[in-house]
Amino acid sequence: MKVFITGASGYIGGAVAARLVGLGYQVTGLVRSAAGADQIQKLGIAPLHGTLDDAELLAKAAGAADIVVNAANADHKPAATALLDALAGSGKAFIHTSGSSIVGSRAAGERMDAIYEENTPFTPSPARAARVALNEYILSAKTTGVRSVIVCPSLIYGLGRVEPHSMQVPWLIALARKYGAARHIGSGGNIWSNVHIEDLVALYLLAVRSAPAGAFYYAENGEHSMREVCQAISRMLGFGGNTQTMTLEQATVEWGEGAAHDTMASNSRVRAVRARRELGWAPTAPSLLEEIAHGCYVVAT
């Protein structure tokens, strides 16, 4: 079968595309640069040069594929619209990548207890309202003859195939090395669910094969506070597990306001109930703390 995937040179898209190639799928990946094309060609992925703003290019590629995976940008509505319009009436799968910050709560580094399953109602923050609206628009495409599905990862960790890492853990490691101590915002009691990239890829494959139209899946296999993550980083770097606190203002200087407030200081606690029950998803990869202690982040430092 033929697959068209956006974000093929990225962390999620590259890992998904590489696994699909290994299973015998013919995969074409959207790339913006010659360097990105070279990277994915080495993995057996055919490059298509373009951007998410090239609506005609996207539509043509989607029309020629049996499956479309959108892993480039969770917030780009024009690209999603072009892809869905091209697939209308075909019954083909459109797997879109969102992110669990849609249920995130700005908490200045403090713990909050709300936990969300796929059917738990919530009101998104102003920063994520447009993303939630886009998710709803994508899922509504099931009424136009598209098998539209959303995979909504939590904090992702582990080694990717093209882009090696997601952002949060490397950010914390780099900050710890910069200051000689692992740092979290406030008490660091804020909690994020998390999922290993290999387990996430397995969920995409299950969604490609059998997810019903209009399905929404969180992806998580555990959760940790930012303080726990920072303690693990501190031990891994030889700092004895000790951590330091920092203010939101200091974090904003390091990572920018949006990332500081809506990612590094927020809570995002979800449960992947539907993926386990409906698709038989069964994560097996090491936990986040195990990966920090013994896995790819040790090599990276």
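- Of the candidates Ile67, Leu87, Val69, Ile150, Leu87 is the only one forming a side-chain contact (heavy atoms from CB on, under 4.5 Å) with Phe94.
- Pairs of residues two or more places apart, or lying in two chains, that qualify as side-chain hydrogen bond (donor to acceptor under 3.5 Å, both in side chains) and include a residue from residues 200-213 are Thr97-Tyr204.
- Residues passing the salt bridge (charged side-chain N to carboxylate O under 4.0 Å, His left out) test with Arg131 are Asp75, sequence neighbours excluded.
- Checking Asn190 against His184 by side-chain atom types alone, no donor-acceptor pair falls below 3.5 Å.
- With respect to the salt-bridge test (charged N to carboxylate O, under 4.0 angstrom), the residues Arg271 and Glu223 qualify.
- Remark: side-chain polar atoms of Asn267 are paired, donor with acceptor, to backbone N or O of Glu110 under 3.5 angstrom.
- Listed for the Trp281 side chain is a donor-acceptor partner under 3.5 Å among the backbone atoms of Asp199.
- The stretch residues 129-159 participates, sequence neighbours left out, in these ring-ring contact (aromatic ring centres under 6.0 Å, His included) pairs: Tyr157-His196.
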Open item on the list: Could you go through Val68 and Ile5, starting from their C-alpha distance and side-chain angles, then the distance that decides it, and tell me whether this counts as side chain to side chain contact (heavy atoms under 4.5 Å, CB included)?
Closed with: CA-CA 6 Å; Val68 176; Ile5 184 164; over 6 Å; no
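- Between Arg183 and Glu254 there is no salt bridge, since no side-chain nitrogen of the basic residue lies less than 4.0 Å from a carboxylate oxygen of the acidic one.
- Residues Met112 and Met226 are members of separate hydrophobic clusters, defined by side-chain heavy-atom contacts under 4.5 angstrom among Ile, Leu, Val, Met, Phe, Trp and Tyr.
- A salt bridge is defined here as a Lys NZ or Arg NE, NH1 or NH2 lying under 4.0 Å from an Asp or Glu carboxylate O, and Glu220 with Arg269 fails to meet this definition.
- Residues Ser266 and Trp192 bring a donor and an acceptor atom of their side chains to less than 3.5 Å of each other.
- A continuous path of ILVMFWY side-chain contacts below 4.5 Å connects Leu205 to Leu43, so both sit in one hydrophobic cluster.
- A salt bridge links Arg106 and Asp262; the closest N-O separation between the charged side-chain nitrogens and carboxylate oxygens is under 4.0 Å.
- Remark: Lys60 NZ is loosely packed, at most 12 non-hydrogen atoms of other residues, nucleotides or ligands lying under 6.0 Å away.
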